[in-house]
Amino acid sequence: MIVRSAREADVERLVDFEPDPGLRAIDRDRLRADFTEGRMRAAWSWLVEDDGVLVGRALWWGRAQGSLPTALDALDVAGHVDDPESVAVELLTAARAALVERGVRTLPAFTMQLPRDWLDDAVASRAVAWRRDTCRRIGVTDELQRLQYAWSLDAGIPAESDRVSFRPASDEEFLDLFAQAARGSLDVETQQAVEAMGVQAQARDDLDFYRGCPGEREWWRVAVDHDGSTVGFVIPSATPYHRNVGYLGVLPAWRGKGLVDDLLGEITRIHAASGAETVTATTDTTNAPMAAAFERAGYQVTEVRLVLSAP
């Protein structure tokens, strides 16, 4: 078998590769669009061939304007291969070496999209097992499960809050609010980022990230109560594929009062008012308060995302 970096002539084969029935497959039209628009690239893709037949692929994703990939979206080996784990280890080892040469410091996280009951599904469990073992063998040992939600117009547009009002604010104010909201956050990635880089650097990273998302800056709002105190903020956002909740932060002193419902309702209203018929959202399975808020607001779980990352 030959492991190599992909070329432009390989793109259509990579897109058409038979997906693993144990995972939620990425739609081929979306993959094709990602390659066309620069979110996936031949230079960010690796493959395995056996006598010229494609038997494995690793596809990384990044922002269209970016120079390096930020996520591993697909790791697949053909179903007839007896030892997919060993093939995948060779694939990721070669890819990692090339990415490090290009300036990637840590191998981007790999996300598997799974049915909600995947632990009770033998096919899904097998699909996860060899990919998990592959990642562990190359040092990608951290795991995080996240719930993917979606809201649609059928759920109804939330009523306006009678407890808080919303106003625009400058980037400087949002930077301070990101830092405040990070303290005591239940979001695992936020906790890890604060530990790794400190609160202020993490806040700047969040601000820069959301400024770079496809969503409109004019959607951002600060939440204030009847006394004029700032209680939180909302960042309605978007991906290249959907409108999404983005970031919702209740400040520490106002947590535990149910204000998450008011802030989530405002995000949903902003998206609905600008024409969105679907809004997606994601939260960690360990963040029970946020998961409960999504369910109260009519957001439905569509899948589980298992995120594997290097420490």
Side-chain angles (χ1 to χ4, degrees), residues 39 63-65 70 146-182 185-187 189-190 193 202-225 230-251 254-255 258-284 287 289-303 305:
R39 294 184 291 271
R63 289 187 171 180
Q65 67 272 28
T70 59
R146 313 200 80 198
L147 297 173
Q148 179 75 8
Y149 288 89
W151 171 92
S152 68
L153 285 173
D154 291 341
I157 299 173
E160 291 188 13
S161 172
D162 59 4
R163 297 196 293 173
V164 297
S165 58
F166 297 88
R167 62 171 175 80
S170 66
D171 280 3
E172 290 72 20
E173 185 171 357
F174 277 110
L175 182 64
D176 178 63
L177 292 172
F178 273 119
Q180 291 187 56
S185 172
L186 296 177
D187 182 82
E189 289 183 351
T190 298
Q202 186 272 338
R204 171 59 66 182
D205 193 60
D206 274 346
L207 179 68
D208 291 345
F209 174 81
Y210 285 103
R211 284 303 307 261
C213 287
E216 301 293 334
R217 174 61 176 83
E218 65 186 26
W219 296 340
W220 298 17
R221 297 286 188 274
V222 171
V224 297
D225 66 11
T230 298
V231 301
F233 64 107
V234 297
I235 310 288
S237 192
T239 71
Y241 321 107
H242 304 286
R243 300 287 185 86
N244 72 5
V245 166
Y247 194 106
L248 182 161
V250 178
L251 301 187
W254 282 271
R255 289 172 183 160
L259 290 173
V260 63
D261 295 334
D262 302 70
L263 272 59
L264 179 57
E266 180 69 5
I267 290 176
T268 307
R269 283 193 301 277
I270 288 171
H271 280 314
S274 59
E277 296 184 359
T278 302
V279 181
T280 62
T282 309
T283 194
D284 303 338
N287 192 345
M290 193 68 245
F294 284 132
E295 291 169 11
R296 288 193 298 270
Y299 283 70
Q300 302 293 318
V301 175
T302 57
E303 66 188 25
R305 295 188 172 184

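Heavy atoms only: backbone and side chains are in, while hydrogens, waters and symmetry mates are out.
Contact detail for Arg221 and Pro168: the closest heavy-atom pair is CD-N, 4.2 Å. Closest approach of Gly249 to Leu263, counting heavy atoms only: O-CD2, 3.4 Å. In plain terms, the two heavy atoms of Ala297 and Leu264 that are nearest each other are CB-CD2, 3.6 Å. The two residues Ala293 and Asp261 have their closest heavy-atom pair at CB-OD1, 3.8 Å. In terms of heavy atoms, Ala159 sits closest to Arg269 at O-NH1, 2.6 Å. Considering all non-hydrogen atoms of both residues, Ala223 and Phe166 come closest at CB-CE2, 3.6 Å.
Residue-environment remark: CD (Glu216) exceeds the threshold of 12 foreign heavy atoms within 6.0 Å. Heavy-atom contacts from other residues, nucleotides or ligands closer than 6.0 Å to CD of Glu295 number more than 12.
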For Val164 and Glu266, what are the C-alpha separation, side-chain angles and deciding distance, and is it a side-chain contact (heavy atoms from CB on, under 4.5 Å)? CA-CA 10 Å; Val164 297; Glu266 180 69 5; over 6 Å; no
Pair Ile235, Phe174 - check side-chain contact (heavy atoms from CB on, under 4.5 Å), show working. CA-CA 10 Å; Ile235 310 288; Phe174 277 110; 3.9 Å; yes
If you apply the rule side-chain contact (heavy atoms from CB on, under 4.5 Å), what do you find for Thr230 with Arg167, and how did you get there? CA-CA 10 Å; Thr230 298; Arg167 62 171 175 80; 3.6 Å; yes
Between Met290 and Leu186, does the side-chain contact (heavy atoms from CB on, under 4.5 Å) criterion hold? Intermediate values first, please. CA-CA 9 Å; Met290 193 68 245; Leu186 296 177; over 6 Å; no
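Side chain of Arg255 to main chain of Val250: a donor-acceptor pair is present (N/O by atom type, distance under 3.5 Å, no hydrogens or angles). Looking only at distances, a side-chain donor or acceptor of Arg163 sits under 3.5 Å from a matching main-chain atom of Gly258. With hydrogens and angles ignored, the 3.5 Å screen pairs a side-chain donor or acceptor of Thr302 with a backbone N or O of Gln148.
Residues Tyr299 and Thr268 form a side-chain contact, since some pair of their non-hydrogen atoms from C-beta on lies under 4.5 Å apart. With contacts defined as side-chain heavy-atom distances shorter than 4.5 Å, the pair Leu175/Glu172 does not qualify. A heavy-atom distance below 4.5 Å is found between the side chains of Arg146 and Asp187. With contacts defined as side-chain heavy-atom distances shorter than 4.5 Å, the pair Trp151/Ile157 qualifies. Annotation: side chain of Phe178 is not in contact with side chain of Gln202 (no heavy-atom distance under 4.5 Å).
The distance from the CG atom of Leu177 to the CG atom of Asp206 is 12.0 Å, given to the nearest 0.5 Å. Annotation: the span from Arg63 atom CZ to Thr239 atom OG1 amounts to 10.5 Å, rounded to 0.5 Å. Taking CG of Asp284 as the reference point, atom CZ of Arg305 lies at 12.5 Å (rounded to 0.5 Å).
Among Pro214, Ser274, Pro236, the one residue that satisfies the side chain to side chain contact (heavy atoms under 4.5 Å, CB included) test with Arg243 is Ser274. Considering Asp225, Val224, Leu251 as possible partners of Val231, the one that fulfils the side chain to side chain contact (heavy atoms under 4.5 Å, CB included) test is Asp225. Shown are Tyr247, Tyr210, Trp219, Trp220; of these, the ring-ring contact (aromatic ring centres under 6.0 Å, His included) with Phe233 is made only by Tyr247.
Legend: residues meeting side chain to side chain donor-acceptor pair (under 3.5 Å) with Asn244, ordered by chain and number and at least two apart, are absent.
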